[in-house]
Amino acid sequence: MHAMTPLAKRTYTLLKTVPAGRVTTYKALADALGTRAYRAIGQFMKHNPYAPAVPCHRVVSSDGTIGGFNGGITKKIRLLRAEGIKISKNSIIDFPTLLFPFPAS
DNA sequence: TATTTGACCAAGA
DNA sequence: ATCTTGGCCAAAT
């Protein structure tokens, strides 16, 4: 087992609460965790030691575009579509509605 | 210890 | 609408 930094562990734990058919963003995760490390969170997703238990494919960019994925965004799009999420031109259809609201602290 | 690197973001041009 | 720039923070080198 590799040593897991506290922020990485909290990020994975929080992400697991996002249900299928909904999405979140790098920023929303950071915000809910009380940090501004959006970019670091992108790195955590890239590593994602718990895939597919941790649904990193449900994390997209703040503007509703797909963002990145280890192995290619095509795969990410396929996974999202399999959950009923519609995508066109690399952006989520009806993005604000599908965005999962984290419980307020 | 210092520097570089990102699956980012917001604001400008 | 597309592209650039500066800022942000944790990890890796």
Check your understanding: Where the side chain of A:H47 is defined as all heavy atoms beyond and including C-beta, which of B:dC9, B:dA7, C:dA12 is the nearest nucleotide?
Key -> C:dA12
Check your understanding: A:Y26 has an atom OH; how far is it from atom P of B:dA10, in whole Å?
Key -> 14 Å
Review point. Looking only at atom types and distance, does a side-chain atom of A:K27 sit under 3.5 Å from a main-chain N or O of A:R36, one as donor and one as acceptor?
Key: no
**Study point:** Aromatic ring pairing A:Y50/A:Y12, orientation class (parallel under 30°, perpendicular over 60°, tilted between)
**Key:** perpendicular
Exercise for review: Starting from C1' on C:dC9, measure out to CG on A:L29 and report it in whole angstrom.
Suggested key: 15 Å
Exercise for review: Taking all non-hydrogen atoms of both residues into account, name the closest pair between A:I93 and A:S88 and its distance.
Suggested key: CD1-CB, 3.7 Å
Review point. Is any side-chain nitrogen or oxygen of A:S61 closer than 4.0 Å to OP1 or OP2 of B:dA7?
Key: no
Review point. So what does A:A37 hit on the nucleic acid, given a heavy-atom distance under 4.0 Å: a base, only sugar-phosphate, or nothing?
Key: sugar-phosphate
Practice item. Name the closest nucleotide to the A:F69 side chain, picking from B:dC8, C:dA10, B:dA7. Key: B:dA7
Check your understanding: Taking a hydrophobic cluster as the set of Ile, Leu, Val, Met, Phe, Trp and Tyr residues connected by side-chain heavy atoms closer than 4.5 Å, whether directly or through intermediates, do A:V18 and A:L79 fall within one such cluster?
Key -> no
Check your understanding: Once you round it to whole Å, what is the distance between P of B:dG6 and CD1 of A:I73?
Key -> 18 Å
Review point. Could one point to a donor on the side chain of A:R36 or the base of C:dC8 with an acceptor on the other under 3.5 Å away?
Key: no
Point to revise | Under-4.0 Å salt bridge between A:R58 and A:E83 | key: yes
Exercise for review: Take atom CG of A:N90 and atom P of B:dA7, then tell me their distance rounded to the nearest Å.
Suggested key: 16 Å
Check your understanding: Separation of A:N48 atom CG from B:dG6 atom C1', in whole Å?
Key -> 16 Å
Review point. Should A:K46 be listed as having a side-chain N or O under 4.0 Å from OP1 or OP2 of B:dT5?
Key: no
Review point. Looking across every strand, which nucleic acid part, if any, lies under 4.0 Å from A:D63 by heavy atom: base, sugar-phosphate, or nothing?
Key: nothing
Review point. In whole Å, what is the span from the CD1 atom of A:I41 to the C1' atom of C:dA10?
Key: 10 Å
**Study point:** Between C1' of C:dC8 and CG of A:D31, the distance in whole Å
**Key:** 14 Å
Check your understanding: Quick one: which of B:dA7, B:dC8, B:dC9 gets closest to the side chain of A:R39?
Key -> B:dC8
Study note, to complete from the structure: Assign each of A:Q43 and A:V60 the nucleotide of DNA chain B bearing its closest heavy atom; nearer the 5' end lies the nucleotide of A:Q43
**Study point:** A:P6 vs A:K89, nearer the 5' end of DNA chain C by closest nucleotide
**Key:** A:K89
Point to revise | N/O (side chain, A:T35) to phosphate O (OP1/OP2, C:dC9) under 4.0 Å | key: no
Review point. Starting at OH of A:Y12 and ending at C1' of B:dA7, how long is that distance when rounded to a whole Å?
Key: 12 Å
Exercise for review: Between A:Y38 and A:F44, name the one whose nearest nucleotide on DNA chain C is closer to the 5' end.
Suggested key: A:Y38
